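Down below is the structure, laid out as structure tokens.
Hydrogens, waters and symmetry mates play no part in the numbers below; they use all other heavy atoms, side chains included. All figures in this text were calculated on a predicted structure; none of them were measured in a lab.
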Protein chains: 2
Amino acid sequence: MKESARGRASSAKRQRLMRAAAEVVHRQGAERTTIADIARAAEVPVGNVYYYFKTKDELVAAALSEHARQLELLTGRLDRLTDPRARLKGLIEAWVSQRDLAARYGCPTGTLAVELDKRDEGGLDVEAGRVIRLLLTWVERQFHELGQPEPDGLALTLVGAYQGMSLLANALRDPGVMEREGARLLAWLDSLEAA
Amino acid sequence: MKESARGRASSAKRQRLMRAAAEVVHRQGAERTTIADIARAAEVPVGNVYYYFKTKDELVAAALSEHARQLELLTGRLDRLTDPRARLKGLIEAWVSQRDLAARYGCPTGTLAVELDKRDEGGLDVEAGRVIRLLLTWVERQFHELGQPEPDGLALTLVGAYQGMSLLANALRDPGVMEREGARLLAWLDSLEAA
DNA sequence: GTCTATAGTTAGATAGAC
DNA sequence: GTCTATCTAACTATAGAC
């Protein structure tokens, strides 16, 4: 059978479960999401889930790596642009284009990190930090290529602004927050001098 | 008895439960916090909790109003300063002084809002938005008094920066994020022209 | 590999003694 | 008003048939 040939680590069902976990956990949060919720979304019978993921935490970890994968897809596309400033602008535009989802459920990685950071066991909090660092590092590289003197500080400011505007848009249930802050960030990028 | 004279709405035990709820929910999150956890922290027997709060959601709502009360205490103190710019600087200094707590558990109101926004019942999410709006409105008034043309946009930027730096400090477990971003915000305030 | 039935555990809520 | 004992529901995880 095709699945068994590829092994369970990469089977089609496992992939469906990962994607369902990412989506459902984004909407409901990790604590409120049951294995049954994910199984239903992935159209896999509940009992069968445990063949692919031994515990619920493994499914949450899978949701995190799914978000990391999505992020790498985006930065990979942006890397094709030659101007680092254009790459950063593309990033902001991608954020703003997701404004309705952000206003309803927040940033997928940011809100999951908030939830996992309330734990003191399991190490999933560290994993969430790693995904956020992935974004910070990529942004920092763009500022570095722009010849900015403190690329790491600027990366903190830009990613922090994104997490902040996502949280406010979510708490106020207003996607307009993402538009206003997004426009401000684009203008800010333009105001930075090239090296 | 003293308590019964004042009624259960304002008894000493009820107040202890409210404060315990605010603290424990900040550290563990609303979902992972059990009634027993709060009862223990407040030194009240579990069964007795239900005399003061009929459901767990009422306790979470109590935690939210406790945060609102803390916020009003802070802005009340800052309101004694005559210069609105000094008030905003005082706010930022208060945020930075809480950097260790923020790096471990995030902003009490912000992280609770994130968690409650994953629900679609109960209306606690709206309540969380209200508390955040309390802060936004106060900040907006300061920018208005400073004669700034778009005080609401500036308030979004400042409060968004706070929520963003708290989330990043928390996810990276690094209070230094609060110091760096706090210093940047102070310099930004200084760069704004007076009217 | 797939799926059903169920064991085992935890926590929210209530009844009722004091 | 206070507190103990307990009911009930929900969910994770496993055993085992197919």
Side-chain angles (χ1 to χ4, degrees), chain A residues 1-18 20-21 24-25 27-64 112 115-116 118-124, chain B residues 1-18 20-21 24-25 27-64 112 115-116 118-124:
Chain A
M1 189 188 253
K2 213 158 67 172
E3 270 71 40
S4 72
R6 279 186 275 147
R8 87 176 162 188
S10 58
S11 80
K13 272 195 185 173
R14 190 188 160 90
Q15 215 170 74
R16 280 219 309 279
L17 284 166
M18 274 187 71
V24 179
V25 166
R27 280 191 273 113
Q28 307 191 343
E31 296 302 333
R32 291 178 81 87
T33 296
T34 67
I35 306 256
D37 289 335
I38 297 173
R40 200 177 317 119
E43 293 181 290
V44 167
V46 219
N48 198 2
V49 172
Y50 286 93
Y51 178 72
Y52 296 96
F53 299 93
K54 277 185 285 296
T55 63
K56 184 182 173 182
D57 273 8
E58 278 191 26
L59 265 168
V60 176
L64 267 174
L112 188 47
E115 206 178 353
L116 298 176
K118 303 286 184 195
R119 306 185 177 184
D120 36 30
E121 282 179 4
L124 280 177
Chain B
M1 191 188 252
K2 212 158 68 172
E3 270 71 42
S4 73
R6 279 186 274 148
R8 86 176 161 186
S10 59
S11 81
K13 272 196 185 173
R14 191 188 158 89
Q15 217 172 70
R16 282 219 308 280
L17 283 166
M18 274 188 72
V24 179
V25 167
R27 280 190 274 112
Q28 306 190 344
E31 296 303 334
R32 293 179 79 86
T33 296
T34 68
I35 308 254
D37 289 336
I38 297 173
R40 200 176 318 120
E43 292 182 288
V44 168
V46 220
N48 198 1
V49 172
Y50 285 93
Y51 178 71
Y52 296 97
F53 298 93
K54 277 186 286 296
T55 62
K56 184 182 173 181
D57 274 7
E58 279 191 26
L59 266 168
V60 175
L64 267 174
L112 189 47
E115 208 179 350
L116 297 176
K118 302 287 181 195
R119 305 184 177 185
D120 35 30
E121 282 180 5
L124 280 178

* To do: Name the residue closer to the 5' end of DNA chain D, choosing between B:Asn48 and A:Val46 according to the nucleotide with the nearest heavy atom.
  => B:Asn48
For [N], does OP1 or OP2 lie under 4.0 Å from any side-chain N or O of [X]?
X: B:Tyr51; N: D:dG1; result: yes
X: B:Lys54; N: C:dT14; result: no
X: A:Lys56; N: D:dA10; result: no

To the nearest 0.5 Å, what is the distance between [atom1] ([X]) and [atom2] ([Y])?
X: A:Phe53; Y: A:Ile35; atom1: CZ; atom2: CD1; value: 10.0 Å
X: B:Arg27; Y: B:Arg32; atom1: CZ; atom2: CZ; value: 13.5 Å
X: B:Glu43; Y: B:Lys13; atom1: CD; atom2: NZ; value: 11.0 Å
X: A:Leu64; Y: A:Leu116; atom1: CG; atom2: CG; value: 6.0 Å
X: A:Leu59; Y: A:Asp37; atom1: CG; atom2: CG; value: 11.5 Å
X: A:Ile38; Y: A:Thr33; atom1: CD1; atom2: OG1; value: 6.0 Å

* Asked: Between the main-chain N or O of A:Ala30 and the side-chain N or O of A:Glu115, is there a donor-acceptor pair closer than 3.5 Å?
  -> yes
* To do: Specify the separation, in whole Å, of atom CD of A:Glu43 and atom P of C:dT2.
  => 15 Å
* **B:Tyr50/B:Val46 under side chain to side chain contact (heavy atoms under 4.5 Å, CB included): CA gap, chis, key distance, verdict** => CA-CA 8 Å; B:Tyr50 285 93; B:Val46 220; 5.9 Å; no
* Structure fact -> Side-chain contact check for B:Tyr50: nearest option of C:dA13, C:dT2, D:dT14 is C:dA13
* Does anything in residues 31-41 of chain B reach DNA chain C, meaning a heavy atom under 4.0 Å, and if so which residues? -> B:Thr33, B:Thr34, B:Ile35
Could you list, one pair per line, each protein nitrogen or oxygen that sits under 3.5 Å from a nitrogen or oxygen of nucleotides 16-18 of chain D, together with the distance?
none

